[in-house]
Amino acid sequence: MNTGQIIKSKTTLVPNKIFQLGLSLESIGLLLLILFDGGIVSKSDLKNKSGLKTFKFNNLFRELQSSGVIKTTKTNTTGKFNYTHEINL
């Protein structure tokens, strides 16, 4: 599991778009956890806060990525990959 950071917007408003994307209730819950958490959180911290098992967490995270809600950027700095996950609502 990569431990990239998740960058969130500075608002806690929940756009209606979230409910129109056909996401599972569990992935919506994970997204709300990201939105309501203060500041930038790491993916591993989010997993720990969610209380989900790794397999379940990764499946929900991939669902958010495939729906376009989370955009992941991979960079290579000095031979080490770094992942940044940005909320795209």
Side-chain angles (χ1 to χ4, degrees):
M1 178 171 85
N2 71 57
T3 57
Q5 290 188 337
I6 299 168
I7 303 172
K8 73 173 194 77
S9 65
K10 296 182 181 195
T11 180
T12 55
L13 296 175
V14 179
N16 287 335
K17 179 181 178 181
I18 290 174
F19 304 103
Q20 298 168 347
L21 293 172
L23 297 170
S24 68
L25 289 178
E26 291 173 311
S27 64
I28 291 173
L30 186 60
L31 179 58
L32 292 176
L33 185 61
I34 296 168
L35 292 175
F36 293 131
D37 194 12
I40 297 173
V41 297
S42 71
K43 187 176 174 185
S44 60
D45 286 344
L46 180 62
K47 186 215 166 283
N48 292 336
K49 286 180 183 180
S50 72
L52 297 169
K53 302 284 185 186
T54 301
F55 183 77
K56 182 66 169 181
F57 176 82
N58 286 335
N59 283 342
L60 294 175
F61 199 84
R62 277 192 288 273
E63 182 180 347
L64 292 172
Q65 287 175 312
S66 65
S67 69
V69 173
I70 292 180
K71 179 184 173 193
T72 300
T73 307
K74 179 171 126 178
T75 56
N76 184 354
T77 55
T78 64
K80 183 178 179 183
F81 290 110
N82 183 35
Y83 295 87
T84 303
H85 309 284
E86 186 175 355
I87 303 300
N88 184 27
L89 292 175

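Numbers here simply count residues along the sequence, with the first being 1. The shown structure was predicted, so the numbers you read here are calculated from the model rather than taken from an experiment.
Distance check, rounded to the nearest 0.5 Å: CG of N59 to OG1 of T54 gives 11.0 Å. Between atom OG1 of residue T75 and atom NZ of residue K80 there is a gap of 10.5 Å, rounded to the nearest 0.5 Å. Atoms CD and NZ, from E26 and K56 in turn, are 3.5 Å apart once rounded to the nearest 0.5 Å. One finds the NZ atom of K53 at 8.0 Å from the NZ atom of K47 (value rounded to the nearest 0.5 Å). Taking OG of S24 as the reference point, atom CG of L30 lies at 9.0 Å (rounded to 0.5 Å). Atom CG of L33 is separated from atom CG of L52 by 9.0 Å, given to the nearest 0.5 angstrom.
Counting all heavy atoms, side chain and backbone alike, K17 lies closest to N88 at NZ-O, 4.2 Å.
Side chain of Q65 to main chain of T72: no donor-acceptor pair is present (N/O by atom type, distance under 3.5 Å, no hydrogens or angles).
Using cut-offs of 30° and 60° for the angle between ring planes, the Y83 and F81 rings count as tilted.
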Evaluate side-chain contact (heavy atoms from CB on, under 4.5 Å) for F57 paired with K43, printing each intermediate quantity in order. CA-CA 10 Å; F57 176 82; K43 187 176 174 185; 3.7 Å; yes
Mind running side-chain contact (heavy atoms from CB on, under 4.5 Å) on L31 and I87 for me, showing each step along the way? CA-CA 9 Å; L31 179 58; I87 303 300; 4.1 Å; yes
Report the C-alpha distance between E86 and T73 in whole Å, list the side-chain angles of each, state the deciding distance to 0.1 Å, and finish with yes or no for side-chain contact (heavy atoms from CB on, under 4.5 Å). CA-CA 8 Å; E86 186 175 355; T73 307; 5.8 Å; no
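Shown here are the side-chain contact (heavy atoms from CB on, under 4.5 Å) partners of L32, two or more places apart in sequence or in another chain: V14, I28, L35, F36.
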